[in-house]
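Note sheet for the following structure.
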Amino acid sequence: MSAGRLLSLLLLLQARGRMSAPGIAGELGVSVRTAYRDLARLQAAGVPVYAEPGRGGGYQLLDGYRTRLTGMTEGEARALFFAGLPGPAADLGLAAEVTAARLKLLAALPTQLREEAARTAAVFHLDTPGWYRDPEPAPQLALFVDALLTGRAVDVRYRRWRAPQEVKRRLRPYGLVLKSGNWYLVAAGESRIATYRVAQVLDAVLSDERFDRPRGFDLGAYWASYLDDFQARRYTGTATIRLSPRGRRRLPDNVAAEVVRAVDSTATAVGHDGWIEAVIPTESTDHACGELLRLGVDVEVVAPAELRQAMAATVGVLARAYGLH
């Protein structure tokens, strides 16, 4: 028998309310028989757990029963404070609520764990935006939070990259994702689930339509699949390039991580001066030309001819602009 599992069961009932034995077993990763035994042990320990028979019944705690978090480990106390980092909470309009929750959590912890949790909170800070750019404004974010929590559809005016650039959509929000300082809304439209950059939403209004989020929808799994698909669609070609030792050192600061990994995995030495040749993925000729020109004289495009010509043409324009030809 695991005391930690009994505590998890107690906190699960406290958080979820009524649950069936199979539901408890699924959450705790045990058999239904073990779930029944653990419920009986809680009852024997004096915890007011009672069973509601019949269809839709299950096990629950007596109304009003709460437990202090005295069974929490040092690592668990630390982990809870990472769940309430203030930056994203402020974006969502929940800064005051997160602060209040952290104070209540501290008050519920034993003195030793309270001090440990406070030390943890004092030495970590989350700053999500990348270097060299400001975070995107997302004035509609609070409205999407409201829509998600109340199950309401939203009418939006959205700016996208392809024509027509401004479109109107009715969206049924399924979740919000924060990536590299930018917020994304995952929502169902008229025909499919899609991802929308919140900063590109020009207007948003809550509608009167109510909807139920699909029970089987997993936001984390959807986002992982979306990223895989995005990468597959992003890179449509390849290029062969040569890099000097300095160019290879500068690579991570000037191109995407996928390009750096491709160089590392395909690099072969050419000559005796440290230059290497590698094959990299490319989005388009224009995009690849812009990225590679950041490396100046430390890169040479070998192929394809179209990209090599684009690099040469750009360098020629720069030379004329500076009066060199």
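Residues F144 and A204 share a closest heavy-atom pair of CZ-CB, 4.3 Å. Taking both residues in full, the closest heavy atoms of P173 and A187 are given as CA-CB, 3.8 Å, listed atom of the first, atom of the second, then distance. Across all their heavy atoms, V154 and S207 have their closest contact at N-OG, 4.3 Å. Minimum heavy-atom separation, P137 to A199: O-CB, 3.3 Å. Taking both residues in full, the closest heavy atoms of A35 and V30 are given as N-CG2, 4.2 Å, listed atom of the first, atom of the second, then distance.
Judged purely by atom type and a 3.5 angstrom limit, T282 has no side-chain atom pairing as donor or acceptor with the backbone of A288. Counting only distance, with no hydrogens or angles, the side chain of T314 and the backbone of A310 share a donor-acceptor pair below 3.5 Å. Side chain of S265 to main chain of A262: a donor-acceptor pair is present (N/O by atom type, distance under 3.5 Å, no hydrogens or angles). The closest donor-acceptor contact from the side chain of R172 to the backbone of A153 lies at 3.5 Å or more, if one exists at all. T150 places a side-chain N or O within 3.5 Å of a backbone atom of D146 that can act as its donor or acceptor partner.
No chain of hydrophobic side-chain contacts below 4.5 Å, direct or via other Ile, Leu, Val, Met, Phe, Trp or Tyr residues, connects V201 to I193. Under the 4.5 Å side-chain heavy-atom criterion for ILVMFWY residues, a single connected hydrophobic cluster contains both L39 and V47. Both L206 and V156 are members of a single hydrophobic cluster when ILVMFWY side chains are connected at heavy-atom separations under 4.5 Å.
For Y184, the ring-ring contact (aromatic ring centres under 6.0 Å, His included) partners at least two apart in sequence or on another chain are W223.
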Take Y50 and Q60, measure what side chain to side chain contact (heavy atoms under 4.5 Å, CB included) needs, and give me the verdict at the end.
CA-CA 6 Å; Y50 70 95; Q60 65 187 80; 2.9 Å; yes
R242/E277 under salt bridge (charged side-chain N to carboxylate O under 4.0 Å, His left out): CA gap, chis, key distance, verdict:
CA-CA 4 Å; R242 290 181 176 176; E277 187 170 289; 2.7 Å; yes
Yes or no on side chain to side chain contact (heavy atoms under 4.5 Å, CB included) for T236 and E283, after CA distance, side-chain angles and deciding distance?
CA-CA 6 Å; T236 57; E283 293 187 40; 5.7 Å; no
Is there a side chain to side chain contact (heavy atoms under 4.5 Å, CB included) between L202 and K168 once you walk through the steps?
CA-CA 10 Å; L202 304 175; K168 293 183 178 180; over 6 Å; no
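The pair R152-E209 fails the salt-bridge criterion, with no side-chain N (NZ, NE, NH1 or NH2) lying under 4.0 Å from an Asp/Glu carboxylate O.
Within 6.0 Å of CD on E306 lie no more than 12 heavy atoms contributed by other residues, nucleotides or ligands. Shown here is D228, whose CG atom has more than 12 heavy atoms of other residues, nucleotides or ligands within 6.0 Å. Heavy atoms from other residues, nucleotides or ligands lying under 6.0 Å from CZ of R33 number 12 at most.
Considering CG of D38 and CG of L28, their distance stands at 7.5 Å, rounded to 0.5 Å. Distance check, rounded to the nearest 0.5 Å: CG of L42 to CG of L13 gives 7.0 Å. Remark: W183 CH2 to L141 CG distance equals 6.0 Å, nearest 0.5 Å. One finds the CG atom of L12 at 14.0 Å from the OH atom of Y59 (value rounded to the nearest 0.5 Å). Rounding to the nearest 0.5 Å gives a distance of 11.5 Å between OG1 of T34 and CG of L9. Here CG of D229 is found 13.5 Å from CZ of R234. Values are rounded to the nearest 0.5 Å.
Taking the side chain as every heavy atom from C-beta outward, P245 and W275 approach each other to under 4.5 Å. At least one side-chain heavy atom of L61 sits under 4.5 Å from a side-chain heavy atom of L10. L185 has its side chain out of reach of Q140: every pair of non-hydrogen atoms, C-beta onward, lies at least 4.5 Å apart. You'll find the side chain of L176 stays beyond 4.5 Å of the side chain of V186, heavy atoms only.
For E166 and Y158, the side-chain atoms include no donor-acceptor pair closer than 3.5 Å. Checking E258 against Q231 by side-chain atom types alone, a donor-acceptor pair falls below 3.5 Å.
Each salt bridge (Lys or Arg N to Asp or Glu O under 4.0 Å) pair with one or both residues in residues 262-274, not counting sequence neighbours, appears once here: R248-D264. For residues 289-300, the side-chain hydrogen bond (donor to acceptor under 3.5 Å, both in side chains) pairs, not counting sequence neighbours, are S244-D298, R246-D298, R250-D298, E300-R308. Annotation: side-chain hydrogen bond (donor to acceptor under 3.5 Å, both in side chains) contacts involving residues 196-206, sequence neighbours excluded, comprise E136-R197, R157-D203.
Under a 4.5 Å side-chain heavy-atom cut-off, the cluster of Ile, Leu, Val, Met, Phe, Trp and Tyr residues that includes V315 is completed by Y235, I241, L243, L251, V255, V259, V260, V263, I276, I280, L292, L293, L295, V299, V301, L307, M311. Summarising the hydrophobic clusters (Ile, Leu, Val, Met, Phe, Trp, Tyr; side-chain heavy atoms under 4.5 Å, direct or chained), the residues clustered with V297 are none.
Checking each of L148, L143, L149 against V145 for a side-chain contact (heavy atoms from CB on, under 4.5 Å) leaves exactly one that passes, namely L149.
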